[in-house]
Amino acid sequence: MYYFTEPMAEADIPRVQEIESQSFTTPWSANTYRRELQNTSACRYIVARASYTPPSATPRPRGLFATFFANLFSPQVVSNGVVAPIVGYGGVWLTVDEAHVTTIAVDPQHRGRSVGELLLVGLIDSAMQLRAPMLTLEVRVSNTAAQNLYLKYGFRPQGTRPRYYTDNGEDALVMWTDRIDTPEYQNRLTELRQRLFARLRAQAERVVN
Ligand SMILES: CC(C)(COP(=O)(O)OP(=O)(O)OC[C@H]1O[C@@H](n2cnc3c(N)ncnc32)[C@H](O)[C@@H]1OP(=O)(O)O)[C@@H](O)C(=O)NCCC(=O)NCCS
């Protein structure tokens with residue numbers, strides 16, 4: 001299985017909401033997603049897709065109209081005529097001093113195959129495009145899988161927000177990266193990215209052979 005990411009489009013929202021309902025107890029409305037997608041100066045949302053064949057190398061069209069149409073209709077990435085389904089999604093939101101990871105989730109059937117990591121790398125890249133110096137997020141204190149993913153990419157616990165989650169009153173752990181524009185962080189990211197892509201390639205070849 002080949003996994004790859006691309007910008008989320010409005011037409012992707014129903015599938016994103018399906019994954020969301022399998023992952024979180026307090027889902028966002030479709031309108032919330034629409035507003036986030038329209039806020040292109042401060043928000044970046046991406047989806048991960050799965051394909052049995054390598055994704056097309058054809059670059060996506062750029063420019064005002066291309067962006068407009070891409071947001072109206074899903075790009076429906078095809079490889080050999082097959083639509084690659086969405087298996088995960090994530091987003092960042094730029095505030096004054098940092099990029100906030102607002103959400104990240106992977107279809108339960110595709111977890112443990114580096115899709116979450118691929119999405120997080122995409123979100124860190126998005127934060128760099130938005131010129132955010134650091135990233136931050138909240139995560140349930142019980143969510144060790146997500147915390148391990150964030151620790152791997154240099155997020156560190158910096159405190160808690162008591163009873164942050166309204167469904168069960170659970171505390172949130174607040175995590176921050178150091179500055180992401182330093183050579184140290186960039187070198188670490190390059191190393192992690194290389195290992196991730198090697199793992200994804202090996203995984204894809206195992207399924208094909
Ligand atoms: C958190 C989540 C996005 C991780 O996605 P994933 O595709 O399963 O994770 P990956 O396969 O990319 O794993 C990347 C890293 O995450 C950590 N991790 C993932 N699953 C884990 C698990 N079950 N136990 C412990 N650590 C885990 C590991 O550090 C792993 O790196 P490693 O392979 O070098 O050990 C996914 O579990 C999910 O969608 N959970 C529900 C939604 C959610 O909790 N989102 C986070 C909100 S803050």
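What's counted below: heavy atoms across the whole structure, side chains too, no hydrogens, waters or symmetry copies. Each ligand, and each atom within it, is numbered from 1 in the order the structure gives.
By the definition of a contact as any protein heavy atom under 4.0 Å away, atom 13 (O) of ligand 1 is not in contact.
In the hydrophobic clustering, where aliphatic and aromatic side chains (Ile, Leu, Val, Met, Phe, Trp, Tyr) are joined below 4.5 Å either directly or transitively, W93 stands alone.
The shortest side-chain heavy-atom distance between V92 and L135 falls under the 4.5 Å cut-off.
Scanning all protein heavy atoms for the shortest distance to atom 21 (C) of ligand 1 gives A145 CB, 3.5 Å. Of all protein heavy atoms, the one lying nearest to atom 8 (O) of ligand 1 is G112 N, 2.8 Å. Nearest protein heavy-atom neighbour of atom 16 (O) of ligand 1: L149 CB, 3.3 Å. When only non-hydrogen protein atoms are considered, atom 3 (C) of ligand 1 lies nearest to V106 CG2, 4.0 Å. In this structure, atom 31 (O) of ligand 1 lies nearest to the protein heavy atom K152 NZ, 3.4 Å. Annotation: atom 45 (N) of ligand 1 to nearest protein heavy atom, I104 O, 2.8 Å.
Remark: R113 is not positioned above the aromatic ring of Y3, lacking an NZ or CZ atom under 6.0 angstrom from the ring centre and at most 45 degrees off the axis.
Checking side-chain atoms of T136 against main-chain N and O of M175 turns up a donor-acceptor pair under 3.5 Å. Remark: the backbone N or O of E117 is not paired with any side-chain donor or acceptor of S114 at under 3.5 angstrom.
Backbone and side-chain nitrogen or oxygen atoms of E117 are examined, and one is located within less than 3.5 angstrom of a nitrogen or oxygen of ligand 1.
Set against the non-hydrogen atoms of A105, the atoms of ligand 1 under 4.0 Å away are 39 (O). Heavy-atom proximity to R113, at under 4.0 Å, picks out these atoms of ligand 1: 11 (O). The distance from ligand 1 to the heavy atoms of S114 drops below 4.0 Å at these ligand atoms: 10 (P), 11 (O), 12 (O). Of all atoms in ligand 1, numbered sequentially from 1 with element shown, those under 4.0 Å from a heavy atom of N148 are 17 (C), 25 (C), 26 (N), 28 (C), 29 (O). Listed by atom number, the atoms of ligand 1 under 4.0 Å from V139 heavy atoms are 48 (S).
The proximity of N143 to ligand 1, defined as any non-hydrogen pair under 4.0 Å, is limited to the side chain. In R111, the parts holding a heavy atom less than 4.0 Å from any atom of ligand 1 are both the side chain and the backbone. Residue contacts with ligand 1 for R140 are absent, since no atom lies close enough (heavy atoms, distance under 4.0 Å). With a 4.0 Å cut-off on non-hydrogen atoms, Y150 touches ligand 1 through its side chain and not its backbone.
With hydrophobic clusters built from ILVMFWY side chains whose heavy atoms lie under 4.5 angstrom apart, V101 shares a cluster with L130.
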Note to self: Please determine whether salt bridge (charged side-chain N to carboxylate O under 4.0 Å, His left out) holds for the pair D12 and R49, giving the CA-CA distance in whole Å, both sets of side-chain angles, and the decisive distance to 0.1 Å.
What the structure shows: CA-CA 11 Å; D12 298 334; R49 290 180 182 269; 3.2 Å; yes

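Taking only non-hydrogen atoms, the option from G116, A172, S142 nearest to atom 9 (O) of ligand 1 is G116.
Counting non-hydrogen atoms of other residues, nucleotides and ligands closer than 6.0 Å to CZ of R163 gives a total of 12 or fewer.
With no hydrogens or angles considered, a side-chain donor-acceptor pair links Y45 and E36 at under 3.5 Å. S23 and R111 share a side-chain donor-acceptor pair at under 3.5 Å.
Ring-plane geometry between Y33 and W28 is classed as tilted, the angle between the planes lying from 30 to 60 degrees on a 0 to 90 degree scale.
Contact analysis puts E138 in contact with ligand 1, with a non-hydrogen atom separation below 4.0 angstrom.
Scored by the salt bridge (Lys or Arg N to Asp or Glu O under 4.0 Å) test, R193 finds D125 as partners (sequence neighbours excluded).
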